[in-house]
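Basis for what follows: all heavy atoms, side chains included, without hydrogens, waters or symmetry-related copies.
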Amino acid sequence: MSSQLKLCGACGGDKATAFTNETFTIADDVVVHGLSGERCDSCGEVYFDAESQDRYIDASDAWVLARREEEQKLLASVRKKLKLTQRQASRLTGGGHNAFGRYERGEVRPLPAVVNLFKLLDKHPALLDEIR
């Protein structure tokens, strides 16, 4: 059941096959069922119909927001465990004097290096003395 795709954005192909009621995995813990759309016959790129696209985007956005909230909680928890003020944590990670407060409130997303450092310090708090 082929349909006419104007042009595939990935490969430029001009033919696609419709699909219905498929399941797509966004992350290990997020699966979206019952999606429909078209798949490029040349490269397999997927183009959801409007309703499926909205559902997929909503699930993706929810996953991203949940991960960001986990980061915020992790940073606050580890900072407190290490008995650091937000200002001290900001200095430690090279941010401005209010950076850590903005990270913990979710106003600004920290660099992955900041998150990774605090994950490491959570497991090995004695390393804090090495980097002070």
Side-chain angles (χ1 to χ4, degrees):
M1 159 190 265
S2 254
S3 63
Q4 284 297 321
L5 182 67
K6 289 182 182 171
L7 277 181
C8 175
C11 74
D14 62 356
K15 290 195 170 76
T17 301
F19 65 87
T20 58
N21 200 29
E22 286 195 13
T23 298
F24 286 79
T25 302
I26 295 170
D28 290 338
D29 55 344
V30 181
V31 178
V32 185
H33 302 281
L35 300 177
S36 302
E38 295 181 329
R39 184 175 287 109
C40 175
D41 290 347
S42 297
C43 71
E45 184 72 12
V46 169
Y47 296 90
F48 294 121
D49 61 30
E51 186 269 335
S52 293
Q53 179 176 314
D54 288 345
R55 289 181 42 237
Y56 188 87
I57 288 171
D58 288 347
S60 296
D61 288 349
W63 182 82
V64 167
L65 292 174
R67 298 299 78 72
R68 287 182 183 171
E69 188 175 325
E70 286 174 8
E71 281 181 354
Q72 290 168 246
K73 288 178 181 176
L74 170 83
L75 293 176
S77 170
V78 175
R79 177 184 61 76
K80 291 172 186 173
K81 175 181 172 180
L82 297 172
K83 296 180 176 43
L84 296 171
T85 65
Q86 288 179 339
R87 187 174 291 237
Q88 289 169 325
S90 292
R91 271 191 252 129
L92 179 71
T93 59
H97 67 281
N98 291 325
F100 230 79
R102 290 193 303 266
Y103 297 158
E104 290 180 10
R105 290 188 301 275
E107 295 169 4
V108 176
R109 186 138 188 249
L111 292 171
V114 171
V115 176
N116 290 337
L117 173 62
F118 272 70
K119 285 179 179 177
L120 184 63
L121 289 172
D122 187 32
K123 294 190 185 311
H124 307 282
L127 292 175
L128 180 60
D129 293 334
E130 304 258 347
I131 58 177
R132 275 190 167 164

Would you give the length of the straight line joining atom CH2 of Trp63 to atom CG of Asp28, rounded to the nearest 0.5 angstrom? 9.0 Å
Do NZ/NE/NH1/NH2 and the carboxylate oxygens of Arg67 and Glu70 come within less than 4.0 Å? yes
As a quick check of understanding, evaluate side-chain contact (heavy atoms from CB on, under 4.5 Å) for Thr93 and Leu75, giving each step before the final call. CA-CA 12 Å; Thr93 59; Leu75 293 176; over 6 Å; no
Between Tyr47 and Gly9, is there a donor-acceptor pair closer than 3.5 Å when you use the side chain of the first and the backbone of the second? yes
All pairs passing salt bridge (Lys or Arg N to Asp or Glu O under 4.0 Å) where residues 119-132 contributes a residue, at least two apart: Lys81-Asp122
Using side-chain heavy atoms (C-beta onward) and a distance below 4.5 Å, is Leu84 in contact with Leu128? yes
Using 0.5 Å steps for rounding, measure from the CG atom of Leu117 to the CD1 atom of Ile131. 4.5 Å
Side chain of Thr25, backbone of Val31: donor and acceptor closer than 3.5 Å? no
Just verifying a value: how many Å separate Asp41 CG and Thr17 OG1, rounded to the nearest 0.5 Å? 3.5 Å
Residue pairs fulfilling salt bridge (Lys or Arg N to Asp or Glu O under 4.0 Å) with at least one residue in residues 108-117, sequence neighbours excluded: Glu71-Arg109
What pairs of residues pass the ring pair (Phe, Tyr, Trp, His ring centres under 6.0 Å) test when at least one of them lies in residues 109-132, not counting sequence neighbours? Phe100-Phe118
With the 4.5 Å side-chain cut-off for hydrophobic clustering, are Val64 and Leu74 part of the same group? no
Provide the full list of salt bridge (Lys or Arg N to Asp or Glu O under 4.0 Å) pairs with a residue in residues 45-60, sequence neighbours left out, each pair given once. Glu51-Arg55
Is there a side-chain contact between Leu92 and Leu121, using heavy atoms and a 4.5 Å cut-off? yes
Residue pairs passing the ring pair (Phe, Tyr, Trp, His ring centres under 6.0 Å) test with at least one member in residues 22-44, sequence neighbours excluded, are Phe19-Phe24, Phe24-Phe48
Are Val114 and Leu127 linked, directly or through other ILVMFWY residues, by side chains that come within less than 4.5 angstrom of each other? yes
So NZ of Lys73 and CD of Glu69: to nearest 0.5 Å the spacing works out to 4.0 Å
Pairwise distance CD(Gln88) to CZ(Arg79) - rounded to 0.5 angstrom: 9.5 Å
Give, for atom CZ of Arg91 and atom NE2 of His97, the distance between the pair rounded to the nearest 0.5 Å. 10.5 Å
What are the two closest heavy atoms between Gly34 and Ser52, and how far apart are they? O-OG, 4.3 Å
Heavy-atom closest pair, residues Cys43 and Cys8: SG-SG, 3.7 Å
Determine, stepwise, if the pair Ile57 / Asp61 fulfils side-chain contact (heavy atoms from CB on, under 4.5 Å). CA-CA 6 Å; Ile57 288 171; Asp61 288 349; 3.6 Å; yes
Polar side-chain atom of Arg102 near backbone of Glu107 as donor-acceptor pair, under 3.5 Å: no
Distance-only, no hydrogens or angles: does the Ser90 side chain make a donor-acceptor pair with backbone N or O of Asn98 under 3.5 Å? no
Under the side chain to side chain contact (heavy atoms under 4.5 Å, CB included) test, which residues partner Lys80, sequence neighbours left out? none
If hydrophobic clusters are built from ILVMFWY residues whose side chains come within less than 4.5 Å, do Leu65 and Val108 share one? no
